[in-house]
There are 2 protein chains.
Amino acid sequence: MPKEETFNRVQVLEKATEVFHKKGYNGTSMQDLVDATSLNRSSIYNSFGSKLSMFLEVLSFYQSVHSTNFNQALVKSYNAKEAIETIFNLHLNEIIKDNDRKGCLVINCKSEMANQEVSIKSFMEKNQERMIAMFEDIVTKGQMEKIFNQDQTANQYALYLFSSIQGLRMIGILNKNEKELKNLIYITTKILY
Amino acid sequence: MPKEETFNRVQVLEKATEVFHKKGYNGTSMQDLVDATSLNRSSIYNSFGSKLSMFLEVLSFYQSVHSTNFNQALVKSYNAKEAIETIFNLHLNEIIKDNDRKGCLVINCKSEMANQEVSIKSFMEKNQERMIAMFEDIVTKGQMEKIFNQDQTANQYALYLFSSIQGLRMIGILNKNEKELKNLIYITTKILY
DNA sequence: TTAATTTTGAAACGATCATTTCAATAAGAT
DNA sequence: ATCTTATTGAAATGATCGTTTCAAAATTAA
């Protein structure tokens with residue numbers, strides 16, 4: 001049997017995520033990744049294949065971490081209204097603690113690479129499906145509970161909410177005024193009631 | 001008197017804009033710009049200084065072209081409601097004709113570089129001020145005309161609209177379904193009435 | 001037509017790019 | 001303890017990066 005990986009893959013992914021998030025895909029060099037992970041070049045290639053495939057793993061890692069956070073918060077929500085508030089507040093917290101204005105890794109990557117790399121494009125399509133399915137579930141529940149109106153279908157509201165989150169994250173890059181952002185969320189979600 | 005530039009600066013900027021828009025700042029090489037503009041390397045450096053300063057000029061050029069389109073459309077609007085519709089429809093048209101899913105150059109650049117390059121950050125801050133001021137004007141007018149409600153100040157609605165536009169443009173990268181997008185715009189703007 | 005000045009073209013700059021190579025090292029299996 | 005196999009470390013790969021150099025070409029004023 002061979003020698004096994006000595007490094008902690010999760011820790012390496014965390015470090016790589018940090019670099020890609022800060023500098024973007026094209027702005028990140030292999031040297032940056034070597035420095036950040038303190039792994040050897042050949043270990044990175046041996047374990048992750050290439051810069052692109054490492055980035056795709058980073059993207060999935062980032063997504064799964066945030067999905068976990070979402071789900072942990074969502075199970076605590078009593079109703080659909082609270083669920084929506086929970087999701088927006090999680091994003092608000094991310095914005096406020098993002099001192100170096102990196103924005104959202106997934107959104108950044110979508111705007112940088114979705115038109116150039118098919119693997120990224122399909123990742124983003126799946127991401128959109130997931131997000132819209134999640135919002136659709138919540139809105140459907142809210143409409144059955146008579147908390148949300150029925151002016152639009154749950155699917156249409158889901159697209160609206162997904163769009164709004166992306167707008168909020170883009171705003172959050174430059175604007176960290178919590179009061180303004182909370183009011184922006186208030187306006188955004190008011191349409192549901 | 002010296003020999004003057006023989007090339008058409010606007011045409012060169014158009015070509016450079018195309019490349020930067022398609023590939024992003026870090027994804028664009030000087031060779032790409034040489035190829036696209038069919039200018040010589042030294043002519044580019046002589047006339048634009050550096051890759052970054054050329055990009056900043058491209059960014060201003062892109063912004064001014066779109067401002068002109070905005071203003072041409074806005075003067076034709078009879079009231080605030082039409083003005084808002086005009087703005088969203090211009091973005092919708094941009095999305096639909098954007099066959100290679102490049103998205104919006106300004107938004108892409110904001111997410112790629114606002115946290116890394118101070119000149120880009122301040123460009124984006126000014127861009128936000130402009131956009132919000134424009135929306136604020138329209139909303140104020142709409143509120144005076146009693147077409148829009150007074151639930152929120154014009155400035156708060158302006159931030160909401162600016163955020164919504166960015167969300168719409170991010171959605172538009174992958175989703176070109178005109179019916180869905182029109183409905184998204186309908187939901188987004190409904191809050192004003 | 002000559003002097004002054006700037007844009008050009010082509011080549012070269014050192015630095016950095018992503019990736020590969022390969023011998024040395026390490027660890028489980030026999 | 002030895003064999004097998006994979007992970008390491010360090011160096012090198014050729015290509016490309018943004019930028020500079022400088023002589024030749026081009027243009028206008030005198």
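Treat the numbers as computed from the prediction; the structure is a model and nothing was measured. Each chain gets a letter, A, B and so on, in the order the sequences are listed, and its residues count up from 1.
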Between [N] ([atom2]) and [X] ([atom1]): distance, integer Å:
X	N	atom1	atom2	result
A/Phe7	C/dA26	CZ	C1'	15 Å
A/Asp35	D/dA10	CG	P	14 Å
A/Phe48	D/dT8	CZ	P	11 Å
B/Asn46	D/dG18	CG	C1'	16 Å
B/Leu39	C/dT8	CG	P	7 Å
B/Asn40	D/dT20	CG	P	14 Å
B/Ile44	C/dG9	CD1	P	11 Å

Pairs where residues 172-193 of chain B contributes a residue and the test ring pair (Phe, Tyr, Trp, His ring centres under 6.0 Å) is met, not counting sequence neighbours: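 Output for this query lists B/Phe148-B/Tyr193.
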Partners passing salt bridge (charged side-chain N to carboxylate O under 4.0 Å, His left out) against [X] (at least two apart in sequence or in another chain):
X	result
B/Asp137	none
B/Lys51	none
A/Lys15	none
A/Lys126	none

My understanding is that only residues two or more places apart in sequence, or in another chain, count here; which of them pass side-chain contact (heavy atoms from CB on, under 4.5 Å) with [X]?
X	answer
A/Gln166	A/Ile107, A/Lys110, A/Phe162, B/Met170, B/Ile171
A/Lys121	A/Glu125, B/Arg101, B/Leu174
B/Ser43	B/Leu39, B/Asn40

Dump every N/O contact between nucleotides 18-20 of chain C and the protein below 3.5 Å, one line per pair.
from: C/dA18; atom 1: OP1; to: A/Thr28; atom 2: O; distance (Å): 3.1
from: C/dA18; atom 1: OP1; to: A/Lys51; atom 2: NZ; distance (Å): 2.9
from: C/dA18; atom 1: OP2; to: A/Met30; atom 2: N; distance (Å): 2.6
from: C/dT19; atom 1: OP2; to: A/Tyr45; atom 2: OH; distance (Å): 3.0
from: C/dT19; atom 1: OP2; to: A/Lys51; atom 2: N; distance (Å): 3.1
from: C/dT19; atom 1: O5'; to: A/Tyr45; atom 2: OH; distance (Å): 3.4
from: C/dT19; atom 1: O4; to: A/Arg41; atom 2: NE; distance (Å): 2.7

Are B/Phe61 and B/His66, when compared by the centres of their aromatic rings, separated by less than 6.0 Å?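 No, they do not, as the ring centres are separated by 6.0 Å or more.
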Close approaches to DNA chain C from residues 108-123 of chain B, in residue order (heavy atom, under 4.0 Å):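 Here the set is empty: none.
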Determine which pairs satisfy salt bridge (charged side-chain N to carboxylate O under 4.0 Å, His left out) with at least one residue from residues 19-44 of chain A, sequence neighbours left out, and list them in order.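 Of all non-adjacent pairs touching residues 19-44 of chain A, those that pass salt bridge (charged side-chain N to carboxylate O under 4.0 Å, His left out) are A/Lys23-A/Asp32.
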Please convert DNA chain C into dot-bracket. A pair counts if it is Watson-Crick or G-U wobble with both distances under 3.5 Å; crossing pairs go in [ ] and bases paired with another strand get |. ||||||||||||.|||||||||||||||.|
Can the positive tip of A/Arg9 be found less than 6.0 Å from the middle of the six-membered ring of A/Phe48, inside 45° of the ring normal?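 Verdict for A/Phe48: a cation-pi partner in A/Arg9.
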